[in-house]
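All remarks here apply to the structure that follows.
Please read these numbers as outputs of a predicted model, since none were measured by experiment.
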Amino acid sequence: MTTLEILFFLGAVGAAPAILLLALRGRVQESWGIAAALGAAFIAFSAIPITQEGYLGFLPNHTQDLWGTQVWYDLIICVVISLIFIVPRAKAVGMRVPLWVIAVGLTASLSLLPMVARLFWLESRAKAA
C-alpha cells in the first residue's frame with residue numbers, strides 16, 4: 001500500500017464512527033473541542049500539500065477528468081449544504097456570518113471546521129448563561 005492509499009483508508013476509517021452514530025442514533029454530541037481539534041489537524045495536514053504543491057495544487061485534481069470534476073462539484077455541494085444548516089445558527093449567536101461564509105467559500109473545510117467549532121462554543125456559552 002502506498003502512503004496515499006493508507007491516508008485514503010484512514011480517512012474512511014476515521015469517519016466511520018460518526019457515520020455509524022448518525023445512522024443508528026440520528027445525532028452525535030456537538031463538541032466545539034472536537035471540531036476545533038479536527039480543524040487544527042486538517043489545517044496542519046493541508047499545510048503539507050500547500051507547501052509542496054502550491055496553493056492551487058488542487059486544480060489539476062479537479063480538472064483532469066470527469067471524476068475530478070465530480071469530486072469538485074461534490075465539495076461545492078457539501079460546503080453549500082453545510083452553510084445552509086450552519087448560517088441560521090451562527091446568526092442566532094452573533095457570529096460575523098459574511099466573513100465566515102467568504103472564508104468557507106474560499107477554503108472549504110479549512111474554514112468550515114473552525115466556523116463550526118466557534119458556533120458550538122458560542123452556543124454552549126449561551127446555554128451556560
Side-chain angles (χ1 to χ4, degrees):
M1 250 184 162
T2 68
T3 302
L4 294 177
E5 289 170 337
I6 292 168
L7 289 172
F8 177 86
F9 178 73
L10 289 174
V13 170
I19 291 168
L20 287 172
L21 281 172
L22 286 166
L24 299 174
R25 289 190 188 165
R27 187 172 173 92
V28 295
Q29 179 63 42
E30 295 175 354
S31 167
W32 70 265
I34 292 173
L38 284 172
F42 188 60
I43 290 168
F45 174 76
S46 297
I48 298 166
I50 291 168
T51 302
Q52 292 181 357
E53 300 173 22
Y55 65 92
L56 291 178
F58 67 91
L59 222 79
N61 289 326
H62 296 304
T63 58
Q64 67 185 0
D65 56 29
L66 286 175
W67 271 116
T69 304
Q70 188 276 342
V71 170
W72 175 247
Y73 284 123
D74 185 49
L75 175 64
I76 292 168
I77 290 166
C78 288
V79 165
V80 171
I81 295 280
S82 297
L83 288 172
I84 287 169
F85 285 99
I86 294 167
V87 164
R89 288 173 61 175
K91 283 183 177 181
V93 293
M95 287 179 67
R96 295 181 182 171
V97 171
L99 295 175
W100 279 107
V101 170
I102 290 167
V104 171
L106 293 173
T107 66
S109 295
L110 290 173
S111 296
L112 187 63
L113 287 164
M115 181 184 186
V116 169
R118 175 99 172 124
L119 170 64
F120 290 169
W121 182 77
L122 289 170
E123 286 179 336
S124 68
R125 193 176 77 170
K127 286 178 188 174

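By the 30° and 60° cut-offs, the orientation of the rings of W72 relative to H62 is tilted.
Remark: L66 CG is loosely packed, at most 12 non-hydrogen atoms of other residues, nucleotides or ligands lying under 6.0 Å away. Within a 6.0 Å radius of CD in Q64, other residues, nucleotides and ligands contribute more than 12 heavy atoms.
Counting all heavy atoms, side chain and backbone alike, F42 lies closest to S109 at CE2-CB, 3.8 Å. Across every non-hydrogen atom of L110 and S46, the tightest pair is CD2-OG, 3.4 Å. Of all heavy-atom pairs between T51 and A47, the closest is OG1-O, 2.6 Å. Considering every non-hydrogen atom in both R89 and E30, the closest pair reads NH2-OE1, 2.9 Å. In this structure, V79 and A108 approach most closely via the heavy-atom pair CG2-CB, 3.8 Å. Pairing each heavy atom of A35 with each of F120, the nearest pair is CB-CD1, 4.5 Å.
With C78 as the fixed residue, the side chain to side chain contact (heavy atoms under 4.5 Å, CB included) test singles out one of L75, D74, V80: D74.
Hydrophobic cluster membership is shared by W32 and V97, with clusters built from Ile, Leu, Val, Met, Phe, Trp and Tyr side chains linked at under 4.5 angstrom. When hydrophobic clusters are built by joining Ile, Leu, Val, Met, Phe, Trp and Tyr residues whose side-chain heavy atoms come closer than 4.5 Å, directly or via intermediates, I76 is grouped together with V116. Each of I43 and L112 belongs to its own hydrophobic cluster when Ile, Leu, Val, Met, Phe, Trp and Tyr are linked at side-chain heavy-atom distances under 4.5 angstrom. Follow the hydrophobic side-chain contacts under 4.5 Å out from L122 and you reach V101 in the same cluster. Both V87 and L119 belong to a single network of hydrophobic side chains, linked directly or stepwise wherever heavy atoms of I, L, V, M, F, W or Y lie under 4.5 Å apart.
Atom CD of Q70 sits about 10.5 Å away from atom CG of D65, to the nearest 0.5 Å. Note that CG of L56 and CD1 of I50 are 10.0 Å apart. Values are rounded to the nearest 0.5 Å.
Partners of R125 under the salt bridge (charged side-chain N to carboxylate O under 4.0 Å, His left out) rule, at least two apart in sequence or in another chain, do not exist in this structure.
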So I86 and W100, side-chain contact (heavy atoms from CB on, under 4.5 Å) or not? Walk me through it.
CA-CA 11 Å; I86 294 167; W100 279 107; over 6 Å; no
Applying side-chain contact (heavy atoms from CB on, under 4.5 Å) to L83 and V104, what does each step give before you reach the verdict?
CA-CA 9 Å; L83 288 172; V104 171; 4.0 Å; yes
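Between the side chain of S124 and the main chain of W121, a donor-acceptor pair closer than 3.5 Å is present.
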